[in-house]
Peer 1: 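Provided herewith is a single structure, encoded as structure tokens, for subsequent inquiry.
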Amino acid sequence: MGSIRGIKKRKKADNKYCQDATKIPLHSQLKPPFDWWHHFSRRISGPLSQCKDVEKFESVFKISRKTFNYICSLVEEDILARSPNFVDLKGKRLSLNDQVAVALRRLSSGESLSTIGDSFRMNQSTVSQVTWRFVEAMEEKGLRHLSWPSTETTMEVIKSKFENIQGLSNCCGAIDSTHILMTLPATDSLNNVWLDHEKNCSMVLQAIVDPDLRFRDIVTGWPGSVSDDHVLRSSAFFKLVEEGKRLNGGKKIHPDGTVLRDYVVGDTGFPLLPWLLTPYEGEGLSNVQVEFNKRLAATQMVAKRALARLKWMWKIIEGVMWKPDKHKLPRIILVCCILHNVVIDMEDQVQIDMPLCHQHDSGYQDQTCEFADTTAYTLREKLSLYLSSELPPL
């Protein structure tokens, strides 16, 4: 997903400003500072202006002002350096906050360019350009929020939280896939490749998630017709694991000598591998196998909830996108995933009221991958016995 760059620290204000403040008349010091949202909210028109609580920032953007300000600080340098002098319909120049607000509203509401333009009194082309400039800047400056854990200490915390869910020790992540629906031009000769198994035109997003619903690794851009197994095996993550550069942390050993390495959990659409555990399939499963499936499904649920939350929050990828640029769409999806993580990292309290839904692919049936590594099959058997208390604790 490209290099990860840190965020440049903003310069602290010079002490002389604090000293000079004492020289300002008291009535001027007590005057409330300019509030961007107070003025911006009064420019809102169209259907949005009729919405309940439109004067409340959180009701328009679904994030707190604190998170909004942080996002502005991330993209400020890039947007101010690269953006032309965007203006609204009255010729007023759009500030940094104005541009971030327009882009976030476009991504979070999924509303059309014309609707956003009507709401914020600007033409469609301006909305489109502002949004894309924001995507480019966020992709560059926000990628640090979407990364694989860099220290063993961080990974141990993740393992501990996963184990607290249903007892799966040494679990490092949960993997799942979802479809971003699209409507493509009828003249596109390659339309069939984008048809998934439910006959919808879509793009795949595959994600590995931690217990806090944070995306740790994503793959997107593949046509909907491609299986979860193929997307995984074609990913950089798969290659890194096979080379011993990922999921290579501390191992746990059963009393019988079985080594339990780092692993992630997935559903039946993924292959059973030494580092990817999936449920038992078929009829006539034993009680031990049924119990294992329940525990694994409850653990893997964090990935389903994260993807459901992603689509609920950033509705531009929830509905059917109208003739998207297939080259730009993966970057928009990536930025939505970064923003999803930013909200979590900022501990945004606005998200407390978000429904804990796990349905992110309504109308889709689970895929089935028949591949099962022999070593992984044996490991799953022994882990199942351990979880059913037929083996002593680790």
Side-chain angles (χ1 to χ4, degrees), residues 1-13 33-37 40 57-58 60-86 93-110 116 120 126-150 154 205 207 209-210 212-218 220 306 309-310 312-317 328-351 354:
M1 292 185 294
S3 60
I4 301 175
R5 302 185 180 180
I7 300 174
K8 294 183 178 179
K9 295 183 179 180
R10 305 186 70 181
K11 295 181 179 179
K12 294 182 179 180
F34 172 81
D35 182 69
W36 163 80
W37 174 244
F40 186 82
F57 179 90
E58 293 80 3
V60 176
F61 298 104
K62 296 189 289 190
I63 60 175
S64 67
R65 285 291 298 274
K66 175 185 175 183
T67 301
F68 177 83
N69 290 339
Y70 174 70
I71 292 172
C72 287
S73 73
L74 277 182
V75 301
E76 178 178 10
E77 182 180 353
D78 276 20
I79 284 184
L80 295 183
R82 298 164 60 187
S83 296
N85 295 327
F86 291 123
R93 182 176 177 180
L94 300 182
S95 68
L96 168 69
N97 284 22
D98 293 342
Q99 294 182 53
V100 173
V102 169
L104 288 179
R105 179 64 189 183
R106 169 81 171 127
L107 298 176
S108 65
S109 71
I116 300 292
F120 298 138
T126 300
V127 175
S128 178
Q129 293 178 65
V130 165
T131 302
W132 184 244
R133 288 287 184 271
F134 172 81
V135 168
E136 290 181 314
M138 199 68 195
E139 183 182 37
E140 175 74 13
K141 299 298 185 180
L143 196 56
R144 63 184 294 269
H145 286 276
L146 203 167
S147 62
W148 192 253
S150 58
T154 302
L205 165 62
V209 178
D210 73 16
D212 296 316
L213 308 187
R214 186 182 289 105
F215 295 116
R216 289 296 184 172
D217 187 274
I218 71 163
T220 191
R309 173 170 169 168
L310 175 74
W312 182 90
M313 181 74 182
W314 308 103
K315 293 188 181 298
I316 193 170
I317 60 174
K328 288 185 176 181
L329 181 54
R331 299 172 68 181
I332 292 174
I333 295 171
L334 168 60
V335 167
C336 288
C337 291
I338 291 173
L339 290 168
H340 167 100
N341 283 4
V342 166
V343 170
I344 295 174
D345 292 342
M346 293 297 291
E347 300 179 349
D348 198 319
Q349 297 301 306
V350 176
Q351 303 305 311
M354 181 177 293

Peer 1: Decide side-chain contact (heavy atoms from CB on, under 4.5 Å) for L334 and L143; before the verdict, give the C-alpha distance in whole Å, the side-chain angles of both, and the deciding distance to 0.1 Å.
Peer 2: CA-CA 9 Å; L334 168 60; L143 196 56; 4.1 Å; yes
Peer 1: Measuring from T220:OG1 to I333:CD1, what's the distance to the nearest 0.5 Å?
Peer 2: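 Answer for the OG1-CD1 pair, T220 versus I333, is 3.5 Å.
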Peer 1: What's the verdict on salt bridge (Lys or Arg N to Asp or Glu O under 4.0 Å) for R144 and D345, showing C-alpha distance, side-chain angles and the deciding distance?
Peer 2: CA-CA 11 Å; R144 63 184 294 269; D345 292 342; over 6 Å; no
Peer 1: Evaluate the side-chain proximity of E136 to D78: yes if any heavy-atom separation is below 4.5 Å, no if none is.
Peer 2: no
Peer 1: Is it the case that the side chain of Q129 and the backbone of V127 share a donor-acceptor pair, with hydrogens and angles ignored and the cut-off at 3.5 Å?
Peer 2: no
Peer 1: Should L205 and C337 be marked as a side-chain contact (heavy atoms from CB on, under 4.5 Å) after you check the CA-CA gap, both sets of side-chain angles, and the distance that decides it?
Peer 2: CA-CA 10 Å; L205 165 62; C337 291; 4.1 Å; yes
Peer 1: Would you call F86 and D98 a side-chain contact if the rule is heavy atoms closer than 4.5 Å?
Peer 2: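 No; the side chains remain at least 4.5 Å from each other.
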Peer 1: Rounded to the nearest 0.5 Å, how far apart are CD of Q99 and CZ of F134?
Peer 2: 11.0 Å
Peer 1: Quick one: closest heavy-atom pair of R106 and I316, and the distance?
Peer 2: O-CB, 3.9 Å
Peer 1: Which residue, L104, V100, T67, forms the side-chain contact (heavy atoms from CB on, under 4.5 Å) with C72?
Peer 2: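 Testing each of L104, V100, T67 against C72, the sole residue satisfying side-chain contact (heavy atoms from CB on, under 4.5 Å) is V100.
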Peer 1: In terms of side-chain heavy atoms, does T131 have a donor or acceptor partner in S128 at a distance below 3.5 Å?
Peer 2: no
Peer 1: Got R214 and V343 here, is their nearest side-chain heavy-atom distance under 4.5 Å?
Peer 2: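 SC-SC contact between R214 and V343 ruled out.
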Peer 1: Hey, what do you get for CD (E347) to NZ (K66), rounding to the nearest 0.5 Å?
Peer 2: 7.0 Å
Peer 1: State, yes or no, whether a side-chain contact exists between W132 and I332 at a heavy-atom distance under 4.5 Å.
Peer 2: yes
Peer 1: Step by step, work out the side-chain contact (heavy atoms from CB on, under 4.5 Å) result for V209 and R216.
Peer 2: CA-CA 5 Å; V209 178; R216 289 296 184 172; over 6 Å; no
Peer 1: Determine whether K62 and M313 make a side-chain contact, defined as any pair of heavy atoms from C-beta on separated by less than 4.5 Å.
Peer 2: yes
Peer 1: So, for F68 and W36, is the gap between ring centers shorter than 6.0 Å?
Peer 2: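 F68 vs W36: aromatic centres under 6.0 Å.
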Peer 1: Would you check if I71 and M138 make a side-chain contact, meaning some heavy-atom pair closer than 4.5 Å?
Peer 2: yes
Peer 1: Going through the distances and angles, do I63 and F57 end up as a side-chain contact (heavy atoms from CB on, under 4.5 Å)?
Peer 2: CA-CA 8 Å; I63 60 175; F57 179 90; 4.2 Å; yes
Peer 1: Which atom names give the shortest non-hydrogen contact between A207 and I218, and what distance separates them?
Peer 2: CB-CG2, 4.1 Å
Peer 1: Quick one, H340 and H145 - any side-chain contact, counting heavy atoms below 4.5 Å?
Peer 2: no
Peer 1: How about W37 and N97: does a side-chain donor come under 3.5 Å of a side-chain acceptor?
Peer 2: no
Peer 1: Does L310 reach the side chain of F215, with side-chain heavy atoms less than 4.5 Å apart?
Peer 2: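 They are in contact (side-chain heavy atoms under 4.5 Å apart), so the answer is yes.
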Peer 1: How long is the span from the CG atom in L329 to the CD1 atom in I317, to the nearest 0.5 Å?
Peer 2: 8.5 Å
Peer 1: Regarding N85 and R93, is there a side-chain donor-to-acceptor distance under 3.5 Å anywhere?
Peer 2: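 Yes - a donor-acceptor pair under 3.5 Å links their side chains.
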Peer 1: Quick test of your reading of the model: are D348 and R65 salt-bridged, counting only N-O distances below 4.0 Å?
Peer 2: no
Peer 1: Working to the nearest 0.5 angstrom, can you tell me the gap between L146 CG and I338 CD1?
Peer 2: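 Here the interatomic distance stands at 6.0 Å.
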Peer 1: Kindly give the heavy-atom pair with the smallest separation between S64 and V350, and that separation in Å.
Peer 2: N-CG2, 3.6 Å
